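Report on one structure; see the data block that follows.
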Amino acid sequence: CYGSVVRQQRRFPDDFLFGTATASYQIEGGWDADGKGESIWDYMVHNNPSVIRGETNGDVAGDTYNNYKRDVEMMRELGLDAYRFSMAWSRILPTGMANEVNPAGIEFYNNYINEMLKYNIQPLVTLYHWDLPQKLQELGGFANPLFSDWFEDYARVVYENFGDRVKMFITFNEPREICYEGYGAATKAPRLNSTAVGTYLCAKNLVIAHAKAYRLYDKEFREKQGGQCGITISVNWFGPATDAPEDEVAAELRRQGEWGLYAHPIFSAEGGFPKELSDKIAEKSAEQGYARSRLPEFTEEEKEFVRGTSDFFGVNHYTAFMVTAANGNANYPVPSLPDDMDNISFADDDWLKSASVWLTLAPNSIYKALSHLRTLYNDPIFYLTENGWSTLEGRDLIDDDRIEYYRASMESMLNCLDDGIKLKGYMAWSLLDNFEWMEGYIERFGLYEVDFEDPARKRTPRKSAFVYKHIIKNRYVDYEYEPESLTMTID
Ligand code: PNW
């Protein structure tokens with residue numbers, strides 16, 4: 001290019017894993033097929049249907065239980081390197097306990113995994129994405145300290161049956177959503193709404209359960225199977241709204257309450273719950289007349305047991321918020337985690353809005369989150385295990401906002417790579433439209449649209465599917481690229 005300057009195109013390395021992510025309850029259907037047991041979501045949607053927008057449920061969802069070959073075909077169309085999905089605990093162990101294994105459940109996941117491997121798509125398995133066996137909930141679920149033993153037993157069954165072919169295990173998807181939304185609030189099953197202590201009991205038991213499953217893999221399976229085990233935590237970016245020192249203090253408390261509760265015990269050098277938040281909860285608990293802190297601390301032995309139990313840091317990242325200091329939080333009960341964090345947050349009006357109230361396109365937020373985590377936790381290996389954009393049901397296949405969001409995510413990841421952050425992969429949420437929890441089928445995250453009126457649950461690629469495919473193939477973002485038509489092929 002004589003006389004002109006050619007800017008070096010920023011690229012993703014060839015061994016960077018590009019994939020998509022899903023979760024069992026959101027796509028599988030077959031809620032009671034072939035010996036599957038009831039989960040807390042089955043229980044909730046059948047006994048209290050009005051909690052879901054549109055009163056729909058995941059009984060059939062995308063029917064991946066019957067359509068898994070089509071899903072793998074879509075992975076091939078996109079040219080994915082990897083695919084992240086979760087296993088339904090109650091499909092494998094109908095009562096949750098390991099005395100009774102359901103052979104049809106093992107067979108289903110074997111078929112699914114083998115179909116991916118046939119086409120060189122690496123399976124990434126999440127052991128738990130929110131569908132606890134209902135029988136275990138009746139015993140207290142994550143609030144029972146024996147939960148960690150039940151989870152370890154389940155993990156053993158998974159490693160034994162699938163670990164010869166699965167080389168990446170994720171114990172839990174998003175502890176915050178499990179513990180805060182499920183136990184501390186009523187926004188996810190089991191809707192316990194135990195605002196004072198629910199989040200904190202769950203946090204401690206979950207982190208110990210994770211550590212038991214990790215140590216089991218490490219001791220008994222790693223040598224033979226040669227894989228990795230980690231956890232996925234939702235890390236949105238929370239920065240101070242102003243330069244005022246109290247806003248920075250508030251933002252730090254918020255980060256500790258959002259994800260530090262789960263990340264600090266596992267990834268920090270000293271272990272245990274994050275100090276400022278734990279001091280704050282102890283102080284408020286005393287003022288509120290509790291005989292002890294509502295946050296149950298780890299013993300020294302437990303801290304040691306949990307510290308360092310993750311081969312990578314799985315990050316689900318969607319968005320960012322600005323934080324200001326407050327006295328409690330007027331929108332939430334006292335006591336509760338939001339009240340304990342003494343702050344309020346909001347998104348910038350200028351940020352592009354999705355169909356979900358909590359999701360906007362915040363500038364360079366992947367980079368902000370990962371560079372912060374990198375400094376805090378000694379430069380771990382990261383995988384972005386979810387990132388995606390919602391549109392409303394019924395909109396057409398031309399999803400330019402989603403394309404804008406994905407392209408912005410790519411740039412933010414390239415900023416991470418330029419800085420030497422050890423980011424090794426990216427899973428777009430999601431491969432296909434699915435049951436978006438309390439929002440039912442109204443908010444859609446799929447690269448493929450699903451027709452939920454059609455008994456066959458036909459899948460159709462959106463424009464964003466073609467753009468993502470082009471990025472995966474070329475390892476860079478081409479802003480000029482436009483698909484010639486919306487007809488998909490396997491290259
Ligand atoms: C994730 N937030 O949850 C879940 O892992 C998926 O199952 C879900 O479908 C997807 O995101 C889209 O909602 C999140 O408030 C829930 O920032 C809430 C937040 C982030 C992720």
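When a ligand or atom number is given, it counts from 1 through the structure's own listing order. Just so it is clear, the model here is predicted, and its values are computed rather than measured. Just the heavy atoms: all of them, side chains too, but no hydrogens, waters or symmetry mates, feed the values below.
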Review item, side-chain donor-acceptor pairs of residues 125-132, under 3.5 Å, at least two apart:
| unit_1 | atom_1 | unit_2 | atom_2 | d |
| --- | --- | --- | --- | --- |
| T126 | OG1 | R84 | NE | 3.1 |
| T126 | OG1 | R84 | NH2 | 3.4 |
| Y128 | OH | W130 | O | 3.4 |
| Y128 | OH | L132 | N | 3.3 |
| H129 | ND1 | N173 | ND2 | 3.4 |
| H129 | NE2 | N173 | ND2 | 3.0 |
| W130 | NE1 | N173 | O | 2.9 |
| D131 | OD2 | S24 | OG | 2.6 |

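- At a heavy-atom cutoff of 4.0 Å, ligand 1 is surrounded by Q26, H129, W130, N173, E174, E177, N236, N316, Y318, W358, E386, W429, E436, W437, F445.
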Apply salt bridge (charged side-chain N to carboxylate O under 4.0 Å, His left out) to residues E73 and R70 and explain how you reach the verdict.
CA-CA 5 Å; E73 183 179 65; R70 169 64 180 135; 2.9 Å; yes

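- Pairs of residues two or more places apart, or lying in two chains, that qualify as disulfide bond (SG atoms under 2.5 Å apart) and include a residue from residues 178-214 are C179-C202.
- Every residue two or more places apart in sequence or in another chain was checked for a salt bridge (charged side-chain N to carboxylate O under 4.0 Å, His left out) with E38, and none qualifies.
- A donor-acceptor contact shorter than 3.5 Å is absent between the side chain of N434 and the backbone of I27.
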Full working for side chain to side chain donor-acceptor pair (under 3.5 Å) between D42 and S39
CA-CA 5 Å; D42 297 321; S39 79; 3.3 Å; yes

